[in-house]
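Report on one structure; see the data block that follows.
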Amino acid sequence: MIDAKTNPPLREVYTALFKRWGPQGWWPAQSRFEVMIGAILTQNTSWTNVERTIANLKLNGYLSLEKVHSCSAITLAKLIRSSGTHHVKAKRIKNLTEWLYNEYAGNIGLMFKRDTPTLRRQLLHINGIGKETADCILLYAGKRPVFVVDTYTRRVLQRHGWIDDKYSYDEIAARFEQLWGKQTISKRAHVFNEYHALVVKLAKEHCLSRPDCRECPLEKWPCVINYP
DNA sequence: TGCCAGGCCGGGT
DNA sequence: ACCCGGCATGGC
């Protein structure tokens with residue numbers, strides 16, 4: 001007996017989303033360091049505000065590890081003001097760069113030679129980097145096959161009755177990761193990259209702005225609860 | 001105008 | 001083990 005709760009159609013959902021919108025080209029950045037900074041800046045913050053910040057950092061020549069590491073947290077905070085909670089985020093970014101220098105001599109290439117479980121554990125030890133931020137770095141800067149679970153992912157899954165709200169981050173990620181378990185690492189990384197980006201697109205451009213959900217790519221799987 | 005955005009931490013039960 | 005306030009800007 002297969003019910004949607006224990007066996008949600010996550011593969012079919014991916015197919016439907018990808019067929020509808022195609023590849024999303026995430027993460028929008030020109031370097032791995034830019035991905036890492038962006039992952040912290042976007043915590044509870046809209047991407048348009050982060051874009052402003054990234055542009056400002058670039059304009060002032062602060063989009064390099066060396067520069068960010070050598071400046072003060074106050075200086076950095078002023079530069080990233082448009083992302084909100086800037087004093088908190090300046091400290092978090094400094095924590096990250098300090099760790100990069102202490103652990104990897106400021107060499108991001110060296111850092112990404114680590115295996116995924118070790119690297120994830122290390123990232124989670126940095127104050128200001130939680131599971132989603134760590135996984136964004138692993139997936140979008142490191143091409144590791146980890147699934148990023150954000151609030152949009154939870155909402156979409158809940159809305160269709162595929163999870164209840166007590167599911168942990170790791171349990172949800174494992175559901176996705178297991179479904180592509182037999183694929184190669186690069187194939188999984190590619191799918192998880194596009195999948196997360198497509199969920200964000202679905203939530204932002206459909207579910208949030210159109211509660212009626214007409215033309216929804218997931219109309220084959222009707223919503224069972226109202227969108228929160 | 002008030003509410004929210006691609007979270008996370010620390011202190012309190 | 002949960003629950004909650006704080007952080008803070010810019011867009012609708």
Side-chain angles (χ1 to χ4, degrees), chain A residues 13-14 17 21 23-29 32 34-57 59-60 73-99 120-142 144 146-159 163-173 176 189 191-211 226-228:
Chain A
V13 164
Y14 175 68
L17 292 175
W21 285 315
Q24 298 299 298
W26 276 35
W27 186 288
R32 289 180 291 190
E34 188 179 326
V35 174
M36 297 169 85
I37 298 299
I40 292 175
L41 290 174
T42 197
Q43 290 170 358
N44 200 37
T45 302
S46 61
W47 182 250
T48 55
N49 282 6
V50 177
E51 281 181 314
R52 222 187 286 291
T53 297
I54 296 287
N56 193 42
L57 288 171
L59 186 68
N60 289 277
I74 296 295
T75 300
L76 185 57
K78 288 176 183 166
L79 288 165
I80 66 171
R81 194 172 153 278
S82 61
S83 282
T85 60
H86 51 291
H87 291 107
V88 172
K89 286 174 181 173
K91 181 60 180 155
R92 289 177 179 177
I93 290 170
K94 295 294 286 182
N95 290 343
L96 174 63
T97 60
E98 201 165 325
W99 169 76
R120 188 171 196 260
R121 204 158 36 239
Q122 289 185 340
L123 287 168
L124 291 175
H125 275 294
I126 301 169
N127 191 300
I129 296 189
K131 288 176 179 177
E132 189 189 334
T133 305
D135 287 343
C136 279
I137 291 171
L138 289 169
L139 176 62
Y140 291 109
R144 305 305 172 89
V146 298
F147 195 93
V148 176
V149 180
D150 60 7
T151 53
Y152 289 155
T153 310
R154 283 181 180 280
R155 285 187 201 168
V156 171
L157 292 176
Q158 284 180 23
R159 183 178 194 186
I163 62 166
D164 48 52
D165 51 14
K166 65 187 175 189
Y167 274 57
S168 71
Y169 183 103
D170 291 325
E171 284 171 334
I172 294 173
F176 286 92
V191 170
F192 298 155
N193 178 325
E194 297 298 342
Y195 206 149
H196 174 56
L198 287 164
V199 167
V200 172
K201 187 174 182 70
L202 172 73
K204 277 164 51 169
E205 300 196 7
H206 259 273
C207 299
L208 288 179
S209 55
R210 302 188 192 178
N226 290 328
Y227 206 83

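Only heavy atoms go into these numbers, but all of them, side chains included; no hydrogens, no water, no symmetry mates. Each chain gets a letter, A, B and so on, in the order the sequences are listed, and its residues count up from 1.
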Are A:Phe176 and A:Phe192 near enough that their ring centres are under 6.0 Å apart?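 A:Phe176 vs A:Phe192: aromatic centres not under 6.0 Å.
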Tell me: [atom1] of [X] to [atom2] of [N], nearest whole Å?
{"X": "A:Glu51", "N": "C:dG11", "atom1": "CD", "atom2": "C1'", "value": "13 Å"}
{"X": "A:Asp164", "N": "C:dC2", "atom1": "CG", "atom2": "C1'", "value": "16 Å"}
{"X": "A:Lys204", "N": "B:dC4", "atom1": "NZ", "atom2": "C1'", "value": "13 Å"}
{"X": "A:Leu41", "N": "B:dA5", "atom1": "CG", "atom2": "P", "value": "18 Å"}
{"X": "A:Ile129", "N": "B:dG10", "atom1": "CD1", "atom2": "C1'", "value": "18 Å"}
{"X": "A:Asn49", "N": "C:dG11", "atom1": "CG", "atom2": "P", "value": "6 Å"}
{"X": "A:Ile93", "N": "B:dG7", "atom1": "CD1", "atom2": "P", "value": "16 Å"}
{"X": "A:Lys91", "N": "B:dG10", "atom1": "NZ", "atom2": "P", "value": "11 Å"}

Of all the choices, [options], which nucleotide is nearest to the side chain of [X] once you look at every atom?
{"X": "A:Ser46", "options": "C:dC7, C:dG11, B:dA5", "result": "B:dA5"}
{"X": "A:Glu132", "options": "B:dA5, B:dC8, C:dA8", "result": "B:dC8"}
{"X": "A:His86", "options": "B:dG10, C:dT9, B:dC8", "result": "C:dT9"}
{"X": "A:Arg81", "options": "B:dG7, C:dT9, B:dA5", "result": "C:dT9"}

- With both distances under 3.5 angstrom, what nucleotide forms a Watson-Crick or G-U wobble pair with B:dC3?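 Looking at the geometry, B:dC3 pairs with C:dG11.
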Does any nucleotide pair with C:dG6 by Watson-Crick or G-U wobble geometry, both distances under 3.5 Å, and what is it?
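C:dG6 is paired with B:dC8.
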* List the atom of A:Ile172, the atom of A:Tyr167, and the distance in Å for their closest heavy-atom pair. =>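 Here A:Ile172 and A:Tyr167 meet closest at CG1-CB, 3.9 Å.
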Distance-minimising heavy-atom pair for A:Leu79 and A:Asn56: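 Looking at all heavy atoms of both residues, the closest pair is O-ND2, 2.9 Å.
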Taking the [atom1] atom in each of [N] and [M], what is the distance between them to the nearest angstrom?
{"N": "B:dC3", "M": "C:dG6", "atom1": "P", "value": "15 Å"}
{"N": "C:dA8", "M": "B:dG10", "atom1": "P", "value": "14 Å"}
{"N": "B:dT1", "M": "C:dC7", "atom1": "P", "value": "23 Å"}

So, is [X] near the phosphate of [N], with a side-chain N or O under 4.0 Å from OP1 or OP2?
{"X": "A:Arg155", "N": "B:dA5", "value": "yes"}
{"X": "A:Thr151", "N": "B:dG7", "value": "yes"}
{"X": "A:Thr85", "N": "C:dT9", "value": "no"}

Side-chain ion pair, A:Asp170 and A:Arg120, N-O less than 4.0 Å: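 Yes, charged N to carboxylate O under 4.0 Å.
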Is the closest basic N to carboxylate O distance between A:Glu205 and A:Lys201 below 4.0 Å?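 A:Lys201 and A:Glu205: salt-bridged.
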How is [X] classified with respect to the nucleic acid when contacts are heavy atoms under 4.0 Å: base, sugar-phosphate, or nothing?
{"X": "A:Ile126", "result": "sugar-phosphate"}
{"X": "A:Lys89", "result": "nothing"}
{"X": "A:Thr133", "result": "sugar-phosphate"}
{"X": "A:Arg52", "result": "sugar-phosphate"}

**Request:** Pick out which of A:Asn193, A:Val35, A:Leu139 makes a side-chain contact (heavy atoms from CB on, under 4.5 Å) with A:Trp27.
**Result:**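 When A:Asn193, A:Val35, A:Leu139 are each tested with A:Trp27, the side-chain contact (heavy atoms from CB on, under 4.5 Å) holds only for A:Val35.
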